[in-house]
Structures are given as structure tokens and as C-alpha cells.
Number of protein chains: 2
Amino acid sequence: MGHGARGRSGGRPTLEEVAARAGVGRGTVSRVINGSPRVSDATRAAVEAAVAELGYVPNTAARALAANRTDAIALVVPEPETRFFAEPYFSDMLKGVGAELAETEMQLLLIFAGSDRERRRLAQYLAAHRVDGVLLVSVHADDPLPDLLSQLEIPAVISGPRSAMETLPSVDSDNYGGARSAVEHLLARGCCAVAHITGRLDVYGAQRRVDGYRDALLAAGHEVDERLIEVGDFTEEGGRRAMTELLARRPDLDAVFAGSDVMAAGARQVLREEGRAIPADVALVGYDDSAIARHMDPPLTSVRQPIEEMGRRMIDLLLTEIADRRPAVTRDLERRQVVLATKLVTRASC
Amino acid sequence: MGHGARGRSGGRPTLEEVAARAGVGRGTVSRVINGSPRVSDATRAAVEAAVAELGYVPNTAARALAANRTDAIALVVPEPETRFFAEPYFSDMLKGVGAELAETEMQLLLIFAGSDRERRRLAQYLAAHRVDGVLLVSVHADDPLPDLLSQLEIPAVISGPRSAMETLPSVDSDNYGGARSAVEHLLARGCCAVAHITGRLDVYGAQRRVDGYRDALLAAGHEVDERLIEVGDFTEEGGRRAMTELLARRPDLDAVFAGSDVMAAGARQVLREEGRAIPADVALVGYDDSAIARHMDPPLTSVRQPIEEMGRRMIDLLLTEIADRRPAVTRDLERRQVVLATKLVTRASC
DNA sequence: ATCACGAGTGGGAGCGCTCCCACGGTACCT
DNA sequence: AGGTACCGTGGGAGCGCTCCCACTCGTGAT
């Protein structure tokens with residue numbers, strides 16, 4: 001509209017009107033609305049009364065324009081929507097994020113960037129600075145998104161660092177420790193030939209799980225037999241393939257630590273076909289503690305990540321990041337990398 | 001910021017800068033950006049070049065403020081997030097909505113309003129007119145949301161009308177026809193005592209399914225035995241309870257039409273416990289054609305709704321609604337109720 | 001030649017807010 | 001008494017855009 005057009009008086013009340021009603025200036029009302037401490041109690045009460053009477057609700061667009069912020073953050077999922085809904089990982093994450101955000105005035109946007117088209121749209125979106133910050137989940141090592149973000153100077157937090165020298169603030173679960181505890185558990189139960197099916201090694205977390213596997217063996221005085229390690233790709237089919245391979249190389253293995261529950265499911269199929277009983281002949285441990293683990297036959301021991309908590313911590317980090325950015329503070333480049341503990345959930349599979 | 005603060009020149013280019021660069025006025029650039037036809041080809045080309053060179057991206061907040069619109073619409077889900085993820089209904093709907101919206105500049109917001117707290121937040125959100133329109137899914141008959149929406153004069157479309165005289169524009173699948181085709185199919189296969197487990201009867205669609213059930217029987221020359229109808233509540237437990245009840249009343253029944261796949265699953269359990277073979281002794285048909293139907297043993301014949309298409313049509317209606325609202329047209333109160341055909345997917349259960 | 005008209009254009013005003021400067025007042029020093 | 005230090009407050013300026021009015025040209029009818 002612009003221009004005094006829009007049927008005057010029919011519209012929503014403005015700051016100015018509230019100010020007039022409360023008998024104060026615009027600035028004062030603004031201060032009350034934004035919770036500034038520099039307002040006397042009496043004035044604050046008067047303004048609050050006027051706000052209530054008029055049913056005043058701030059105009060977000062005007063605020064965004066004047067203050068140069070949007071009060072919105074985006075959760076960017078570089079996957080097709082299908083995967084998003086299929087994996088409980090995302091819904092748990094979303095729950096944590098939502099819970100933490102409920103405390104604030106911030107609005108959460110869910111953005112899928114699975115297809116090229118969606119990615120172009122996202123780039124446009126970010127270029128328009130339509131969000132104050134971005135949460136990045138499940139990003140591959142070679143994804144250009146993080147760079148785009150820092151180029152545009154948009155605060156971002158990543159879940160699962162891309163490497164040991166991740167430049168973005170990040171939240172991760174302790175992949176190393178989780179893997180290590182899984183293997184230690186197997187060793188404690190008397191297994192002595194523990195195999196490992198890894199995840200895709202271009203995923204940093206999968207590498208760390210391999211490290212944990214190795215160190216657990218070494219710490220227990222075993223040596224690491226490379227024939228007991230087979231690279232998988234996080235899929236069921238990959239789990240089957242790896243398991244077949246491992247059995248061929250070391251038929252005497254008595255335990256398998258799979259880098260994900262899905263791969264464990266694949267491994268289980270092969271073991272069953274080969275007539276190996278679980279856990280009697282071969283003990284099995286997975287990773288993620290997903291629904292699959294609970295419903296497998298036998299129920300699968302698995303490493304649980306505190307995903308909801310991860311979501312919460314990501315928001316914490318991001319809000320700090322956004323707040324700090326305002327008065328151009330030189331950011332301390334140190335520890336904005338959060339690592340949360342995992343927990344081994346033991347079930348019948350070992 | 002306000003005030004010339006923000007380190008000049010570091011910022012993003014504005015309309016004014018594009019205008020200067022192209023050697024035209026602000027108004028002209030605005031016209032080009034918004035695709036107005038009242039611009040000469042030469043001028044348009046010049047402006048587009050300037051936009052490209054400067055990497056100009058419109059400032060959404062400024063536009064929203066001046067034009068009094070947000071270019072965003074909300075998909076409101078009055079359910080806890082958990083249900084949202086659990087049911088493929090929502091993800092299919094989202095897919096359709098997203099696809100249709102990809103054609104436009106509109107932004108989609110996903111808003112959950114399961115808890116009271118979330119609902120209050122939503123009310124606030126709507127009062128602030130932060131969206132141009134709202135998509136309402138799975139709304140109960142007594143939900144105050146639709147009224148709030150029309151009171152605030154926010155365009156809205158509802159999926160699944162609340163009653164036969166729904167006032168909001170709506171998109172629905174043909175519950176009556178779907179139910180009727182299911183029952184007709186059973187009758188055609190020779191069943192003669194077809195029972196029906198209904199959904200919650202405060203859901204209009206569930207009522208329509210009962211109507212379809214009745215009419216199919218009548219049309220085929222059967223009479224309707226009320227003992228063959230038992231009210232369920234869309235849950236598995238409800239399906240079990242209803243099935244038990246039905247078997248007690250009419251042990252001779254030879255077919256069951258369940259108002260949802262989940263209830264069919266419950267019914268199947270009871271039938272199995274009672275030693276009735278499916279489909280030999282009792283034929284079973286569900287509704288929704290969800291994943292459950294495909295994975296049931298035996299696979300369940302079910303009525304499929306074109307959910308993705310429904311999502312698309314909802315967006316169509318909503319966009320029309322929003323566009324029409326601008327020049328205060330007196331809306332024709334007639335047919336803005338879309339009903340889409342269902343399809344019976346036959347499997348081994350009958 | 002004169003007038004009327006529409007197509008194309010420039011730019012003022014205004015959307016509702018935040019930020020900041022300036023101001024009067026009170027309290028506390030010297 | 002004068003100075004200094006705040007505190008609480010009012011209001012100007014400006015954020016980047018859209019809308020509309022006014023203006024300049026052609027062009028065709030008179």
C-alpha cells in the first residue's frame with residue numbers, strides 16, 4: 001500500500017498509537033516491548049496496560065527492516081524429504097531444536113535442499129538474508145554450503161563436523177568413545193575376534209568410530225587385524241556385502257561391531273544364512289539405537305546418541321553466535337565444538 | 001540499525017543503487033523486479049543487467065512492510081510432532097504442497113500446534129499476520145482455529161471439511177465413494193455379511209464413509225444390519241475392541257470394512273486369535289493404503305486417497321484466495337470445495 | 001495545427017519500527 | 001554554589017521497498 005490508503009482505523013494498532021494511549025513517547029514503548037531495563041516501573045505498567053487494551057502486536061516486517069534482523073533461523077536438511085521422514089534421527093533432532101527454541105521469540109524454518117533446484121532456491125534465500133542463522137545437519141565433507149554460509153557471514157552451526165579441523169561451530173556425539181565402549185563391551189564378554197563394518201569413510205564420524213574400535217582393541221592388549229575391518233556405506237546391502245567378505249576372510253570371528261544399525265541388520269541376514277547363531281556364535285553390536293535395533297531378532301545392542309540434546313545444544317551455540325555477531329566482537333576461534341557422550345544400550349544380541 | 005550506521009557500501013545493494021546503475025528511477029526498477037508489463041524492453045534489459053552486475057536481491061522485510069504482505073504461508077498441524085512424523089499422510093501432503101509451491105516465490109512454514117503452549121504461540125503468530133494464508137490439516141470439528149482465522153481475515157484452506165456446510169474452502173477425498181467402492185468390491189466377491197468398523201464419528205470423513213457403506217449395501221439390495229456397524233476411533237486398540245464386539249454380535253460375518261488401515265490391523269489380530277482365516281473365512285478391507293497395508297500379512301486391500309494431489313489443490317485454492325482478497329472482491333460463496341476421487345487398491349486380504 | 005490519450009517513466013510519501021542523540025531532572029560529589 | 005554523573009524519556013532520522021501521482025513524450029483523431 002504505502003500511501004495512507006489502507007482503510008485507516010481498520011488496521012492493527014501501531015507503536016505510535018500505543019504511545020499516545022499510554023501518554024508516553026514511541027521510544028519508551030519500544031523499550032518496554034523489547035524488555036529494556038531503562039524504563040521506570042510506573043511507565044512500564046502504563047505501557048503494558050495500553051498494549052493489552054489495544055491488543056497491540058508488533059509488526060515483524062517493520063522490526064526486521066529497522067533492526068536488520070529476522071528473528072528466524074533455518075534448519076537446513078541437505079536430503080530429500082523422504083529421508084527426512086524416514087529417519088527418526090531428524091525428528092528427534094527437530095524435537096530438541098523446537099524445545100530449546102520455544103523459550104525464545106525465534107521462528108524455525110525447515111528447509112530441504114535435496115535436489116539441485118532446491119539448492120538454488122536455498123542459495124537465493126540465504127543471499128536475501130532471510131534468516132539470522134542456520135543449523136546444518138548431515139552435511140557431506142564436500143558440500144559447498146558451509147562455505148557459502150561463511151561467505152555470506154551468516155552464523156551457522158553444524159551437526160557432525162566435517163573433519164578434525166572443522167571451522168564452523170559444531171555439535172557432535174562422541175563417536176570415538178561410543179565405538180570404543182561397544183568394542184570394550186564385546187571384549188569383556190569374552191569375544192576375541194571382533195570385526196568392524198565401517199560407515200562411509202568420507203563421513204568424519206565413521207572414521208572416528210574406526211579409531212575407537214582400534215584403540216579399544218589395543219588398550220585391551222589385542223592387536224588389530226586389518227582383515228577384520230571392512231568398509232561399508234551405511235546401507236543394509238553394504239552391511240550384507242561387508243559381512244560376507246569378513247566371514248570369508250576370518251571365518252573364526254566371534255563378534256561384529258557395525259557402524260550403524262542398518263548395516264547390522266544386513267550383517268545379521270548373512271550370519272543367519274550362514275547358520276551362525278546370534279549371540280551364541282557371533283555377538284553383534286550396532287550404532288544409533290534406532291527403531292531397527294529394538295525390533296530386530298534378537299534385539300540389537302547399540303550405541304545411543306543423545307540426538308535431542310544435540311539439537312538443543314546446536315540452538316544454544318547458534319543463538320550465542322548470533323548475539324555475539326551484533327557488536328562486531330572478534331570471535332575467539334577456540335572451543336565452539338561440543339561433543340556429547342553416547343551410551344551403550346545392551347540387548348540380547350551379545 | 002536505522003541511522004546511517006551499518007558500514008555503508010559493505011551492505012547489500014538496494015533498489016536505489018540498481019536504479020542509479022541502470023540510469024533509471026526507483027519506480028522503474030521496482031516494476032521490472034515485479035514483472036510489470038508497463039516497462040519498455042530496452043529499459044527492462046538495462047535494469048536486468050544492473051541487477052545481475054550488482055547481485056541485487058530484494059529485501060523481503062522492506063517489501064513486506066511496504067506492500068503489507070509476507071509471501072509466506074503456513075501449514076498448520078494441530079498435532080504433536082510425533083504423530084506428524086509417524087504418519088505418511090503428512091509427508092505425502094507436504095510433498096504435494098512443496099511441489100506446487102516451488103513454482104512460486106512463496107515460503108512454506110511448518111507449524112505444529114499440538115500442545116496448549118504451541119497453540120498460544122500460533123495465535124500470537126497469526127495475530128501478527130506473519131503469513132498471508134494458512135493450510136489446515138486434520139482439524140477436529142470443535143477446533144476454534146478456523147474461527148480465529150476468519151476473524152483475523154486470514155485466507156485459509158482446510159483439508160477435510162468439518163461438516164457438510166463447511167464455510168472455509170476445502171479439499172477432501174471422496175470418502176463416500178471410497179467406502180462405497182470398498183464395500184461393493186466385497187459384495188462382488190460374494191460376501192454377504194459385511195461389517196464396518198467406523199472412525200471417530202466427530203470426524204466428518206468418517207461419517208461419510210459410514211454413509212458410503214450403507215448406500216453400497218442398499219444399492220445391492222441388502223439391508224443394513226446395525227449390529228454389523230461398530231464405532232472405532234482410528235486406533236489399533238479400537239480396531240481390536242470393535243472386532244471383538246462384532247464377532248460376538250454376528251459370528252457369521254464374512255467381511256469387514258475398516259475405516260482405517262490401523263483399525264484393520266487391530267481387527268486382523270482378533271480374527272487371527274479367533275482362528276478365522278483371511279481372506280478365506282473373513283475378507284478384510286482397510287482405508288488409507290498406508291505402509292501398514294502393504295506390510296500386513298496378508299497384504300491388505302485398502303482405499304487410497306490422492307494425498308499429494310490434495311496438497312497441490314490446497315495450495316491452488318489458497319493462492320486464489322489470497323490473490324482475490326487483495327482488491328476487496330466480494331467472494332462468491334459457492335464451490336470452493338474440491339473433492340478428489342479415491343482408488344481401491346486390491347491385495348490378498350479379500 | 002490542435003487536442004486527447006495512453007504508454008513509459010521519475011520520485012514523493014509512507015509502511016511501522018529501532019536506534020541514537022539530546023534534554024530535563026535528580027542525586028551526589030567537591 | 002557549582003560541577004559531574006547518571007537515569008528516564010521524547011522524538012528525528014532512517015531502514016528499503018511499493019504505490020501512486022504527475023510529468024513527458026509519442027501517436028492518432030479532429
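Reminder, nothing fancy here: chain letters follow the sequence lines and each chain counts from 1. None of these values were measured; they are calculated from a predicted model.
- The CD1 atom of I315(A) sits 13.0 Å away from atom CE of M310(A), with the distance rounded to the nearest 0.5 Å.
- Going from atom CG of N59(B) over to atom P of dC15(C) covers 18 Å, rounded to whole Å.
- Taking CG of L101(A) as the start and CG of L319(A) as the end, the distance is 6.5 Å to the nearest 0.5 Å.
- The distance from atom CD of Q107(B) to atom CZ of R121(A), rounded to the nearest 0.5 Å, is 7.0 Å.
- Residues A127(A) and V57(B) come closest through the heavy atom pair CB-CG2, 4.2 Å.
- Protein atom CG of L15(A) is 12 Å distant from nucleotide atom P of dC19(C), rounded to whole Å.
- Contact annotation: side chain of R31(A) to base of dG10(D), donor-acceptor pair present below 3.5 Å.
- Which of dC19(C), dT18(D), dG16(C) sits closest to the side chain of A67(A) comes down to dC19(C).
- Enclosure of atom CD in E105(B) is not indicated, since only 12 or fewer non-hydrogen atoms of other residues, nucleotides or ligands lie within 6.0 angstrom.
- Regarding L54(B), its CG atom lies at a distance of 14 Å from the P atom of dG16(D), rounded to whole Å.
- Between its two ends, the helix from dA1(C)-dT30(D) to dT30(C)-dA1(D) turns its axis by 50°, counting five pairs per end and rounding to 10 degrees.
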L340(B) and R312(B): CA distance, side-chain angles, deciding distance, side chain to side chain contact (heavy atoms under 4.5 Å, CB included) verdict: CA-CA 11 Å; L340(B) 301 176; R312(B) 270 197 292 275; over 6 Å; no
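- E17(A) places its CD atom 8 Å from the P atom of dG16(C), with the value rounded to the nearest Å.
- Taking 4.0 angstrom as the limit, N34(A) places a side-chain polar atom (N or O) nearer than this to OP1 or OP2 of dT18(C).
- For I33(B) and dC17(D), the CD1 to P distance is 8 Å, given to the nearest whole Å.
- If you measure from atom CD of E16(B) to atom P of dG11(C), you get 9 Å, rounded to the nearest angstrom.
- Using a 4.0 Å cut-off, some side-chain N or O of S30(B) falls inside it from OP1 or OP2 of dT18(D).
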For R21(B) and E17(B): C-alpha separation, side-chain torsions, deciding distance, then whether salt bridge (Lys or Arg N to Asp or Glu O under 4.0 Å) applies. CA-CA 6 Å; R21(B) 174 108 189 189; E17(B) 288 163 13; over 6 Å; no
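- Scanning residues 39-48 of chain A for heavy-atom distances under 4.0 Å to DNA chain D yields V39(A), S40(A), T43(A).
- With rounding to the nearest 0.5 angstrom, the CG atom of L15(A) is 11.0 Å from the CG atom of L54(A).
- At the phosphate of dT9(C), neither OP1 nor OP2 sits under 4.0 Å from any side-chain N or O atom of T28(B).
- Spacing between atom CZ of R38(A) and atom C1' of dT18(C) amounts to 17 Å, rounded to whole angstrom units.
- The base of dG12(C) sits within donor-acceptor range of the side chain of R26(B), with an N or O pair under 3.5 Å.
- Summarising the geometry, the separation between CG on D71(A) and P on dC17(C) is reported as 14 Å, rounded to the nearest angstrom.
- When each of A62(B) and V24(B) is assigned the nucleotide of DNA chain C with its nearest heavy atom, V24(B) is the one assigned upstream, toward the 5' end.
- Of the possible donor and acceptor atoms, none in the side chain of S170(A) sits under 3.5 Å from a partner among the backbone N and O of Q337(A).
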Take L145(A) and V139(A) through the side chain to side chain contact (heavy atoms under 4.5 Å, CB included) test and state the conclusion after the steps. CA-CA 8 Å; L145(A) 216 45; V139(A) 177; 5.6 Å; no
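- Listed nucleotides dG16(D), dT18(C), dG11(C) differ in distance to L65(A); the shortest reach to its side chain belongs to dG16(D).
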